[in-house]
Amino acid sequence: MGEEQPLRTDYAGTLTSERIGDQVRLAGWVDRRRDHGGVVFFDIRDASGLAQVVVDPDQLPAGRDLKMEYTVTVGGEVRPRPEGTINVDMATGEVEVVASDIRILSTAETLPFMINDRVEVDERLRLQYRYLDLRRPRMAANLRARSNAIRAMRETLDELGFLEVETPTLIRSTPEGARDMLVPSRLNKGSFYALPQSPQLFKQLLMVGGVDRYYQIARCYRDEDFRSDRQLEFTQLDIEGAFWGQDGVLETLEQVIVAVVEQARGVTIPRPFKRMTYAESMARYGTDKPDLRFGMEITDLGDIFEDSDFKAFSGAVKGGGAVRGLNVGPLGLSRSGLDGLVAKAKELGAKGLVWMVAEDDGSLRSPVAKFLTESELQRLGARFATTPGDILLIAADETKLVGTLLGQLRVELGRPKGHDELAFLWVVDFPVFEETEGGDLAPAHHPFTSPVSVTEMRDNPKAAVSKAYDLVLNGSELGSGSVRIHDPEIQKQVFEVLGISDEEAESRFGWFIKALRYGTPPHAGFAVGIDRLLAILQGEQSIRDVIPFPKTQTGADPMTESPKPVDDFQLMELGVNLRPEVRAALDGSREVPE
RNA sequence: GGGGGCGUGGUGAAGUCUGGAGUUCACGCCGGCCUGUCAAGCCGGAGGUCGCGAGUUCAAAUCUCGUCGUCCCCGCCA
């Protein structure tokens, strides 16, 4: 009496023929039951996998009572399966456990959906019952992969002497970049904390503080609209180093990524990763995050058409724009399919799109062929090295628009399904500023990024290059980093060029710039989006599938039904009043009977 | 803020274009049979306010408008 019996001695997924004859006890969920009357089989599932249990229901009537997702503990002997009944699709398929004892630990109601990967269940329902969804093999594998990846990051960085440091998640709001998530302060009514968009300034202060090499698995918050690769909260591997520069950062991150990919995929990817300047990436791929798993590069045609009689082309070149095209290959598109691309181009803001099809005799068929000379058509065919059936898409417009358009068409028409291949790329030499649609300058990275030349930044800001770099995987931006400004004077000048006055800079960032005055080492760093990295490594379309408890596109959690209004008392303690129209809308919705 | 897709027993789908009895398929659920299955099989059964609300019509899952939910995309994401 009193001696507690263990619920299990072994994990189901570990049983092999080496264990034949052993008495084992397994604990897990009833995955699937196959009742033959005189003999009952069921698969028991635990975190390690599945094993088949055989029950003689005359000996063990409990075998008849089992239903899917009951939790049970089963004692029995590991036995080889009889001739011809070995299941080669199952890791433990050579053996089975002959049950001598079955205890039902808990029962389960009829499930809202099946615990398997065969059915694509509505995602809202999956999120509402996420605890069941996580039992599915695919999701369980994603959780495990995430844990393994993060462990690989920690091990690699620990080995390199990095210090893991936590930074606060209740910080001062700095109305730059994305919208802040705000938290009202009870002790300082009317004041608010913000949740960090990244640990950016704190990690820089750690450099000032003498932490030579820093990293953190950091939760970040950005209150912007959702996408399949964006959530309100997400996780970054954040790193920073003192007396460090771009080459050191890239070198270190490559080691981390290689270790993560080895964990996740079991392959060693070659180093160093490819590098490309921002300018080259924009010219060849029309984007700063090119998918290098396929070619289909953007080709400049300005020299062919600058003097063409076809004004749509020559006019664009002479007006300072560009004529560029893609050879998207033999897609076999019908006339309506091609017209669909033209419509698509117009949706994207282009004046038009010209398509051409390479005929068997090498000529180019196109609605605009009659406006072009024989020589122009021949040079086109040669430039694209066409083979019969190839489709050319040509756009003439403002240079930036042409690039964006062709870049999007390239991805749409050429991007491989899935993520079997991994194409990592560093995009370097980002511009300091991006031009907004209004013509204003906005920092391409954050305003603490070091320009290559302060003089150039002042005199020719549109062309100025910064010490900023992005990591791209399969056309997805995994993260970005930069060499930081460590000189308070340069920091002030950057604010100045951005149109932030001294007073404004002082009131917003004075606490930070002050720190730079006390002996700041040159430093640099990076942040990798862990959710995006894992989603791609796991072949998932959305980061939601590598986040245990994500939110829907409207920021809701169907399981807990958050967010929810709070008690008036809670608001009162915080000194917060809802705006009248918000209050009215809430009261209105409360009148609706439940 | 804008564009698009989807919403049908517990689950996944077909039916919607071209209105005519809640019809069909697979899984699950309930009952029965069955000693080698592994998505077990066979027989029988239950289960739906076709997201919700208006409108058109003799008649609406189907057409129209609105609304809610969800997904994808543009904007946004220093």
Side-chain angles (χ1 to χ4, degrees), chain A residues 31-44 50-59 63 67-69 79 81-90 92-93 96 98 108-129 132 174-180 197-198 200-201 220-232 234 343-344 347-349 404 408 411-412 430 432-434 436-437 440-449 466 468 477 480 482 494-495 498 500 508-509 529 541-542 544 551-556 558 589 592:
Chain A
D31 191 75
R32 200 83 203 197
R33 198 172 63 108
R34 297 174 289 279
D35 186 346
H36 290 240
V39 60
V40 175
F41 302 94
F42 70 91
D43 297 323
I44 185 167
L50 294 175
Q52 174 165 283
V53 178
V54 197
V55 188
D56 177 352
D58 294 332
Q59 303 283 317
K67 297 200 170 76
M68 280 194 288
E69 299 307 308
R79 190 174 75 176
R81 293 199 190 183
E83 192 79 13
T85 65
I86 286 172
N87 185 345
V88 294
D89 296 326
M90 211 171 164
T92 59
E96 60 194 6
V98 184
E109 295 180 8
T110 302
L111 299 159
F113 52 83
M114 296 288 285
I115 310 298
N116 62 47
D117 291 337
R118 285 195 301 277
V119 179
E120 194 73 20
V121 182
D122 178 71
E123 196 170 342
R124 192 197 144 77
L125 197 66
R126 288 174 55 202
L127 292 183
Q128 190 181 344
Y129 296 93
L132 298 181
T174 53
E176 295 283 323
R179 243 174 249 113
D180 277 332
Q197 296 181 24
S198 79
Q200 182 60 36
L201 296 180
C220 305
Y221 304 84
R222 292 179 193 173
D223 190 6
E224 297 293 346
D225 286 353
F226 284 72
R227 285 285 190 284
S228 58
D229 62 353
R230 276 164 33 189
Q231 287 268 312
L232 292 188
F234 59 99
K344 172 104 194 160
E347 273 175 38
L348 293 170
T404 310
Q408 293 197 27
V411 167
E412 188 149 323
F430 267 73
V432 178
F433 303 108
E434 280 173 339
T436 64
E437 285 194 18
D440 295 335
L441 291 181
H445 278 67
H446 51 66
F448 314 105
T449 300
S466 70
E477 182 194 324
S480 60
S482 63
V494 168
F495 283 139
L498 284 172
I500 300 174
R508 277 196 209 170
F509 301 112
Q541 297 298 313
S542 164
R544 291 187 300 276
K551 293 183 175 46
T552 66
Q553 208 162 56
T554 52
S589 68
V592 178

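A note on names: the letters A, B, ... follow the listed sequences, proteins ahead of strands, and every chain is numbered from 1. Just the heavy atoms: all of them, side chains too, but no hydrogens, waters or symmetry mates, feed the values below.
When both distances must be under 3.5 Å, the Watson-Crick or G-U wobble mate of G41(B) is C33(B). Pairing for U16(B) is absent, with no Watson-Crick or G-U wobble pair whose two atom distances lie under 3.5 Å. In this structure, A54(B) and U64(B) make a Watson-Crick or G-U wobble pair, each of the two defining distances being under 3.5 angstrom. The base-pairing partner of G28(B), taking Watson-Crick or G-U wobble contacts with both distances under 3.5 Å, does not exist among the strands shown.
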Dump the intermediate steps for side-chain contact (heavy atoms from CB on, under 4.5 Å) on H446(A) and S198(A), then the final yes or no.
CA-CA 11 Å; H446(A) 51 66; S198(A) 79; over 6 Å; no
The test is side-chain contact (heavy atoms from CB on, under 4.5 Å); show your working for L111(A) and E69(A) and say whether it passes.
CA-CA 8 Å; L111(A) 299 159; E69(A) 299 307 308; 3.3 Å; yes
What's the verdict on side-chain hydrogen bond (donor to acceptor under 3.5 Å, both in side chains) for Q197(A) and D180(A), showing C-alpha distance, side-chain angles and the deciding distance?
CA-CA 7 Å; Q197(A) 296 181 24; D180(A) 277 332; 2.7 Å; yes
Begin with the C-alpha distance, continue with both residues' side-chain angles, and end with the deciding distance and a verdict on side-chain contact (heavy atoms from CB on, under 4.5 Å) for R179(A) and R222(A).
CA-CA 6 Å; R179(A) 243 174 249 113; R222(A) 292 179 193 173; over 6 Å; no
Walk me through whether R34(A) and Q52(A) qualify under side-chain hydrogen bond (donor to acceptor under 3.5 Å, both in side chains).
CA-CA 10 Å; R34(A) 297 174 289 279; Q52(A) 174 165 283; 2.9 Å; yes
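Counting atom types as modelled, R81(A) pairs a side-chain N or O with a base atom of C38(B) as donor and acceptor under 3.5 Å. Contact annotation: side chain of R230(A) to base of C77(B), donor-acceptor pair present below 3.5 Å. Checked by distance alone, R79(A) brings a side-chain donor or acceptor within 3.5 Å of a matching partner on the base of G36(B). Scanning atom types as modelled, no donor and acceptor separated by under 3.5 angstrom connect the side chain of D43(A) and the base of C38(B). A donor and an acceptor atom sit less than 3.5 Å apart, one in the side chain of E96(A) and one in the base of G36(B).
A distance of about 8 Å separates the C1' atoms of C68(B) and G51(B), rounded to the whole Å. A distance of about 47 Å separates the C1' atoms of U56(B) and A39(B), rounded to the whole Å. Comparing the P positions of G32(B) and A26(B) gives an interatomic distance of 23 Å, to the nearest angstrom. Spacing of P atoms, C58(B) relative to G53(B), comes out at 23 Å, to the nearest Å. Between U24(B) and C34(B), the two C1' atoms lie 29 Å apart (nearest whole Å). Rounded to a whole angstrom, the distance from the P atom of A61(B) to that of G36(B) is 48 Å. One C1' atom belongs to C6(B), the other to G45(B), and the distance between them is 33 Å to the nearest Å. One P atom belongs to G7(B), the other to A13(B), and the distance between them is 8 Å to the nearest Å.
Among the atoms of the strands shown, only primed sugar atoms or phosphate atoms (P, OP1, OP2) are found under 4.0 Å from some heavy atom of R544(A). Heavy atoms of T110(A) sit under 4.0 angstrom from primed sugar atoms or phosphate atoms, though from no base atom. The residue R124(A) sits close only to the backbone: its heavy atoms come under 4.0 Å of sugar-phosphate atoms, none of a base. Within the nucleic acid shown, L125(A) comes within 4.0 Å of sugar-phosphate atoms alone, with no base atom in reach, counting heavy atoms only. Here E120(A) lies in heavy-atom contact (under 4.0 Å) with sugar-phosphate atoms only. Within the 4.0 angstrom heavy-atom criterion, only backbone atoms of the sugar-phosphate kind lie near D122(A); the bases stay farther away. Across all strands, P82(A) comes closer than 4.0 Å to base atoms (heavy-atom distances). Residue T449(A) is classed as having no contact, given no heavy-atom separation below 4.0 Å to the nucleic acid. Across all strands, P447(A) comes closer than 4.0 Å to base atoms (heavy-atom distances). Within 4.0 Å (heavy atoms only), R32(A) reaches sugar-phosphate atoms of the nucleic acid but no base atom.
For V119(A), the listed nucleotide lying nearest its side chain is U11(B); candidates were G36(B), C71(B), U11(B). Looking at the side chain of F113(A), the nearest of the listed nucleotides C74(B), U11(B), U37(B) is U11(B).
One can place CG of L50(A) at 13 Å from C1' of A39(B), the figure rounded to the nearest angstrom. Regarding L132(A), its CG atom lies at a distance of 13 Å from the P atom of U11(B), rounded to whole Å. Protein atom CG of D89(A) is 14 Å distant from nucleotide atom P of U37(B), rounded to whole Å. To the nearest angstrom, P of C73(B) lies 10 Å from CD of Q541(A). The interatomic distance linking K551(A) (NZ) with C71(B) (P) rounds to 13 Å, in whole Å. Between the CZ atom of R34(A) and the P atom of C33(B) there is a distance of 21 Å, rounded to whole Å. Between the NZ atom of K67(A) and the C1' atom of C30(B) there is a distance of 9 Å, rounded to whole Å. Whole-Å rounding puts the E224(A) CD to G1(B) C1' distance at 13 Å.
Residues T554(A) and E434(A) each lie close to RNA chain B; by heavy-atom proximity, the contact nearer the 5' end of the strand is made by T554(A).
Of all the heavy atoms in V121(A) and R126(A), the pair that sits closest is O-CD, 3.5 Å.
Aromatic stacking is marked for F41(A) over U37(B), as both cut-offs hold: 5.5 Å for the centres and 30° for the planes. Residue-nucleotide stacking is present for H36(A) and A40(B), judged by a side-chain ring centre under 5.5 Å from the six-membered base ring centre and planes under 30° apart.
Using cut-offs of 30° and 60° on the angle between ring planes, the pair F448(A) and F495(A) is perpendicular.
Look at T85(A) and you won't find any side-chain N or O under 4.0 angstrom from OP1 or OP2 of C38(B). Listed pair Q197(A) / C77(B) fails the phosphate criterion, with no side-chain N or O lying under 4.0 Å from OP1 or OP2. At C76(B), none of the side-chain N or O atoms of R227(A) fall inside 4.0 Å of OP1 or OP2 (strictly under the cut-off).
One finds no salt bridge joining R230(A) and E224(A) here, because no Lys/Arg side-chain nitrogen approaches an Asp/Glu carboxylate oxygen to under 4.0 Å. The pair R33(A)-D35(A) counts as a salt bridge, with a side-chain nitrogen and a carboxylate oxygen less than 4.0 angstrom apart.
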